[in-house]
Amino acid sequence: MIFIRKSCRFCKQRNQNQTFGFELNQTIMRGTVLVITLLTLLTSCDSGKSDKSENTKINKEIPSLSVLISEDTYVAPDSVAAGYVHLKLSNEASEMHSAHLIKLDKGYNTDQLIQAYADSMKTGGPRPQWMTHRGGVIAEPGTSEIYLLLEPGNYTWVCVMGDESAPHFAGHEHKAFKVYGEIDQSQKLQAQDLTIEMTDENFELDKSISQGKQSIEIVNSGSKYHLVAISKLNEDAKAEDLIKWYSNYNGPPPARGIIATSAIGPDLTARINVDFEPGDYVLYCMANAEGTFHLLDGAITSFTVE
């Protein structure tokens, strides 16, 4: 499996290597994603009885937001208190869908967002400047999870799948969402195992990635929307092969997709958990607001898990 994005106009002309597609939203990500496994489950690390007890106490304080998507329904919560949330998406449809959160600037509402955003997709014009992509989960049929820190304000749930002429959110897959109150500063997640910092040039890791479950804090310190995608390279494949493949999509993909986040705005974070097997991996960004995948401009890093 590998994370794949193509121009949306080709959504109905997928090659034999493609099994499903999705659009990654900030940049609109004009594309489809093929054969992707999205895992955004945060679990407690087993570091002794007292540590597990403390992690359980912390997680009980974090509300769960459950979104259910089927062929003709989009069920999402109306509101939540400000702070950390555990977002869970159950995709019961036959294709890729997402539960993505967009924060609206004061004075704007969901109807305005859907109209303006859909129009910008159809025309190729600039996206509304009064919205912030807060992230979320994108899933093939099945489930996916992530932890986010939400500030108070008005948001909109959207599904960012579909093509430019008919994005899912322009139909029934959207809903207004309110985050109320103030962030409880005492609310904490368990300590992460490592941090991945997204910059406008590439990624920076504060330590090497180990085998087994890793709790990963993702931080966007750049000035653009960025995302994290991790793929495990096929035997004898290299990062250069993935770059070449994304340039022309010729032949089978040289890697298998492990995880990908949706677009995260500057100065924002997300928390994921990945269970790493030994092997060679690539960490890269598929955002393309400027017209080119960031990985083709150098936002790709190789690493090995022993």
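All values below were derived from every heavy atom in this structure, side-chain atoms included, with hydrogens, water molecules and symmetry-related copies excluded.
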Trace of the side chain to side chain contact (heavy atoms under 4.5 Å, CB included) decision for Glu306 with Gln211: CA-CA 7 Å; Glu306 301 291 345; Gln211 181 179 347; over 6 Å; no
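- Scanning both residues, Ile300 and Asn202, for their nearest heavy atoms gives N-OD1, 3.2 Å.
- Between the CG atom in Leu104 and the OG1 atom in Thr110 there is a gap of 5.5 Å [rounded to 0.5 Å].
- For the atom pair Ile264 CD1 and Thr269 OG1, the distance stands at 7.5 Å (nearest 0.5 Å).
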Chi angles and distances behind the salt bridge (charged side-chain N to carboxylate O under 4.0 Å, His left out) call for Asp193, Lys213: CA-CA 9 Å; Asp193 295 307; Lys213 287 186 178 180; over 6 Å; no
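- Side-chain atoms of Asn234 come within 3.5 Å of backbone N or O of Pro253 as a donor-acceptor pair.
- Summarising the geometry, atom CD belonging to Glu204 is positioned 4.5 Å from atom CD belonging to Glu197; distances are rounded to the nearest 0.5 Å.
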Residue pair Ile243, Leu296: steps toward the side chain to side chain contact (heavy atoms under 4.5 Å, CB included) verdict: CA-CA 6 Å; Ile243 294 172; Leu296 299 181; 3.8 Å; yes
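- Looking at every heavy atom in both residues, Trp130 comes nearest to Ala116 through CZ2-CB, 3.9 Å.
- In this structure, the ring of Tyr281 has its center less than 6.0 angstrom from the ring center of Phe276.
- Counting only distance, with no hydrogens or angles, the side chain of Asp241 and the backbone of Lys238 share a donor-acceptor pair below 3.5 Å.
- Remark: the backbone N or O of Gly265 is paired with a side-chain donor or acceptor of Asn220 at under 3.5 angstrom.
- Between His174 and Phe169, a ring centre-to-centre spacing not shorter than 6.0 Å is recorded.
- Considering only heavy atoms from C-beta on, Tyr284 comes within 4.5 Å of Ser231 through its side chain.
- Scanning all heavy atoms of the two residues, the minimum distance from Ala255 to Leu242 falls at CB-CD1, 4.5 Å.
- Counting only distance, with no hydrogens or angles, the side chain of Ser144 and the backbone of Val137 share no donor-acceptor pair below 3.5 Å.
- For the pair Ser66 (side chain) and Lys88 (backbone), a donor-acceptor distance under 3.5 Å is absent.
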Stepwise side chain to side chain donor-acceptor pair (under 3.5 Å) test for Gln115 and Asp111: CA-CA 6 Å; Gln115 184 63 55; Asp111 290 341; over 6 Å; no
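- Around atom CD of Glu71, more than 12 heavy atoms belonging to other residues, nucleotides or ligands sit under 6.0 Å away.
- Within the 3.5 Å criterion, the main-chain N or O of Ala263 finds no donor-acceptor partner in the side chain of Arg134.
- For Tyr147 and His86, the gap between ring centers is short of 6.0 Å.
- The two residues Ala270 and Ile146 have their closest heavy-atom pair at CB-CD1, 3.9 Å.
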Stepwise side chain to side chain contact (heavy atoms under 4.5 Å, CB included) check, Leu150 with Tyr155: CA-CA 10 Å; Leu150 300 182; Tyr155 292 71; 4.1 Å; yes
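- Between Thr132 and Ile102, every side-chain heavy-atom pair lies at or beyond the 4.5 Å cut-off.
- Residues Met286 and Leu227 form a side-chain contact, since some pair of their non-hydrogen atoms from C-beta on lies under 4.5 Å apart.
- Residues Tyr180 and Pro152 form no side-chain contact, since every pair of their non-hydrogen atoms from C-beta on lies 4.5 Å or further apart.
- Crowding of Lys175 atom NZ: a count of heavy atoms from other residues, nucleotides or ligands under 6.0 Å exceeding 12.
- Note: Ile69 CD1 to His172 NE2 = 8.0 Å, rounded to the nearest 0.5 Å.
- Here Ile196 contributes atom CD1 and Ile209 contributes atom CD1; the two are 5.0 Å apart, rounded to the nearest 0.5 Å.
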From CA spacing to verdict: side chain to side chain donor-acceptor pair (under 3.5 Å), Asp200, His294: CA-CA 9 Å; Asp200 289 339; His294 290 177; over 6 Å; no
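- Looking at heavy atoms from C-beta onward, His100 lies out of side-chain contact with Trp157 at the 4.5 angstrom threshold.
- Note on Lys103 versus Glu151: no salt bridge recorded, every NZ/NE/NH1/NH2 to OD/OE distance being 4.0 Å or above.
- Side-chain contact between Ile259 and Ile272: present, with at least one pair of heavy atoms (C-beta onward) separated by less than 4.5 Å.
- Between Tyr74 and Val67 the shortest side-chain heavy-atom distance falls below 4.5 Å.
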CA sep, side-chain torsions, deciding dist, call: His168, Glu95, side chain to side chain contact (heavy atoms under 4.5 Å, CB included): CA-CA 12 Å; His168 290 180; Glu95 60 181 350; 3.6 Å; yes
Test log, rule side chain to side chain donor-acceptor pair (under 3.5 Å), inputs Asn273 and Ser215: CA-CA 4 Å; Asn273 196 78; Ser215 176; 4.6 Å; no
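- Cluster annotation: Phe177 is not connected to Val75 through the hydrophobic network of ILVMFWY side chains, with a link wherever side-chain heavy atoms come within less than 4.5 Å.
- Thr199 contributes a side-chain N or O that, together with a main-chain N or O of Glu201, makes up a donor-acceptor pair within less than 3.5 Å.
- Residues Gln192 and Arg271 approach most closely at OE1-NH2, 3.5 Å, considering heavy atoms.
- From His97, atom NE2 reaches atom CG of Leu68 across 11.0 Å, with rounding to the nearest 0.5 Å.
- Under the 4.5 Å side-chain contact rule for hydrophobic residues, Tyr225 and Val219 do not share a cluster.
- Using a distance-only test at 3.5 Å, with no hydrogens or angles considered, no donor-acceptor pair links the side chain of Ser302 to the main chain of Val282.
- In this structure, Asn109 and Asn154 have side chains that are not in contact, with every pair of non-hydrogen atoms separated by 4.5 Å or more.
- For the 3.5 Å distance criterion, the side chains of Asp297 and Thr292 fail to qualify, holding no donor opposite an acceptor.
- Taking both residues in full, the closest heavy atoms of Leu149 and Gly83 are given as CD1-C, 3.4 Å, listed atom of the first, atom of the second, then distance.
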